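Have a look at the structure below before the remarks.
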Protein chains: 2
Amino acid sequence: MSGFTRYNKILNLFSEQRSSWTVLEISDELKTPSSTIYRIVRELVSAEFLESTAGSYFRLGPSFIKFNRIINLSDPLVKAGQPFLKKIANENPIESVNVLARLYGNKVMCVADYKTPFFKNNTSYQKGKLMPLIYGATSRAIIMKIVGKSLEDLLKQETFYDDNDKNTFFKNLKNDNKKGYCKTEGQVDKGLIGFAVPINNKKLGIEASLSSIFNSIDFHPEHEPIIYANLTSYALLIERYINQIFDDIQNYHQISS
Amino acid sequence: MSGFTRYNKILNLFSEQRSSWTVLEISDELKTPSSTIYRIVRELVSAEFLESTAGSYFRLGPSFIKFNRIINLSDPLVKAGQPFLKKIANENPIESVNVLARLYGNKVMCVADYKTPFFKNNTSYQKGKLMPLIYGATSRAIIMKIVGKSLEDLLKQETFYDDNDKNTFFKNLKNDNKKGYCKTEGQVDKGLIGFAVPINNKKLGIEASLSSIFNSIDFHPEHEPIIYANLTSYALLIERYINQIFDDIQNYHQISS
DNA sequence: TCTAAAATTATCAAAATACAAGAAAATATG
DNA sequence: CATATTTTCTTGTATTTTGATAATTTTAGA
């Protein structure tokens, strides 16, 4: 274990399910002497990536809150998409959750969301939570624009029930691509139906999606064209806006150098 | 530059003002050979703490969003305080921003907030933003519970206009402590008035505050007792709730070991 | 498409640092 | 206050990092 790995392995132990660890627990888990872990943890504490709490436990430190804010204020995707989520919600015919998501390694992560005040149930897509790559419209709208070797690499870790299952998956992907959007029901959350369109920017390396999620019970087929038109037009708007934000950054760098 | 410092120094270059850097810029800034920076940046990218974007720029990566979420779901202070912020807002007599803040090094950082829908202006206290230690009720309510050498160390970095200024500061702190809450107007944001009470938990090492911020123009002296009663009672509730959350964590660890 | 420039990765010996294990110190606990 | 636990310190040795340079890949412009 060397380089950043030795810090990252420790940080990645801290999860939703288990958010506090003692040095000895970390030492056991990583099979590394406790004197070493004490030193590394001390370093992470002084950078506020970890902090000590009662009972000789440690938990994630406030640095993450700080950097998360900087991302919210500066990430072109978040910056471009966030302001539109509420508008999309208001133009949808029924109560909805609206999600901006992106690739994160070989998972999908929501980076911004807006839920209408009276939406019942909760979607599993929450800011910062890693979601499956191949289930749900939000995820599928992202991968439907990825092709060739990139797609192969991404899907390498995924397991399909059988060959038939796999073929169906690719057929659906192709169909969605032709339609330009993706619709799934109950794949991630029972009782919810999701619609999603891709958001891409090759220059900036952005592979993302914009989606609206509804309670199945509220949804009627006549809503579909409105939802689709809504998503498509806003995705285009966001893509354009991303370019503009990027140009602004470029100009900023040129002026200040 | 050794250990975690070498990573932290690079990450800390990324700020609200300047959110993307090239390797050469980093190399210049840190006066470190570019071959070294290339290696370190590559490590941070593969851990998704940084990500590359167009024009050979790098920016903060999605790992921070992920860890930020885990903190939101697990930090005892956030967990205990977040659910009450909206309630406090609703019980306040006028439109308000309500903030849960804590010590972060020798600054103060907001970790959770709730703004009523029609609040005009914005407070500078935003989730993740570092704020001055000695100005504003939010900050002062935190340091008013810190004494002795800890307080001295904290204030070491602060500069006062003159001795008189310093004495006034300490006198106010003492007064606030006697009253049990802190009130300041226009210290951080012109046109805003803030009230704050401390939230402490020695066992858990929590040094925080709960505050309500109003537009000066909306505020009338007869509101003050209500605001104060509101803050005090919720702070107590939050302190109790923190203890309960901590006991739950303790139990969880005992059961699973 | 080709070409030149820029960005990134690879190499490797010297220098710096992390490591492990136990001892010592500090801190928490009853 | 005594004991147990947690944390830091110490040391020679092994490992990792570093940085100058070279090699390769990517990008941008003609």
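In this text the structure is predicted, and so the values were computed from the model without any measurement. In what follows, every heavy atom counts, from backbone to side chain, and hydrogens, waters and symmetry copies are set aside. Naming convention: chains lettered A, B, ... in sequence-line order (proteins, then strands); numbering from 1 in each chain.
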Report task. With a 4.0 angstrom cut-off to heavy atoms of chain A, pull out the first and last contacting nucleotide of DNA chain D, in 5'-to-3' order. Result -> D/dT6 to D/dT17
Query raised in the report: Looking at residues at least two apart in the chain, or sitting in another chain, which of them share a salt bridge (Lys or Arg N to Asp or Glu O under 4.0 Å) with B/Glu16?
Result: A/Arg69
**Report entry** Salt bridge B/Glu25-B/Arg18, side-chain N to carboxylate O under 4.0 Å
**Finding:** yes
**Report entry** Separation of C/dA18 P from A/Glu43 CD (nearest whole Å)
**Finding:** 6 Å
Query raised in the report: How would you list all residue pairs meeting ring pair (Phe, Tyr, Trp, His ring centres under 6.0 Å) that involve residues 128-159 of chain B, not counting sequence neighbours?
Result: none
Query raised in the report: Salt-bridged, B/Glu51 to A/Arg102, with N to O below 4.0 Å?
Result: yes
Requested in this report: Report yes if at least one side-chain N or O of B/Ser2 is closer than 4.0 Å to OP1 or OP2 of C/dA16; otherwise report no.
Outcome: no
Report summary line: A/Arg6 atom CZ is separated from C/dA20 atom P, nearest whole Å, by 11 Å
Query raised in the report: Whole Å only: how far is the CD1 atom of B/Ile40 from the P atom of C/dT17?
Result: 12 Å
Query raised in the report: Is A/Glu207 reaching over with its side chain to a backbone N or O of A/Ile143, donor-acceptor style, under 3.5 angstrom?
Result: no
Query raised in the report: salt bridge (Lys or Arg N to Asp or Glu O under 4.0 Å) with A/Asp176: which residues, sequence neighbours excluded?
Result: A/Lys179
Query - Test: B/Asp163 and B/Lys166 ion pair at under 4.0 Å - result: no
Tabulate protein N/O versus nucleotide N/O from nucleotides 6-12 of chain C, keeping only pairs under 3.5 Å, one per line.
from, atom 1, to, atom 2, distance (Å)
C/dT8, OP2, B/Tyr38, OH, 3.2
C/dT9, OP2, B/Arg42, NH1, 3.2
C/dT9, O5', B/Arg42, NH1, 3.3

Query raised in the report: Which residues satisfy the side chain to side chain donor-acceptor pair (under 3.5 Å) test with A/Tyr104, sequence neighbours excluded?
Result: B/Ser63
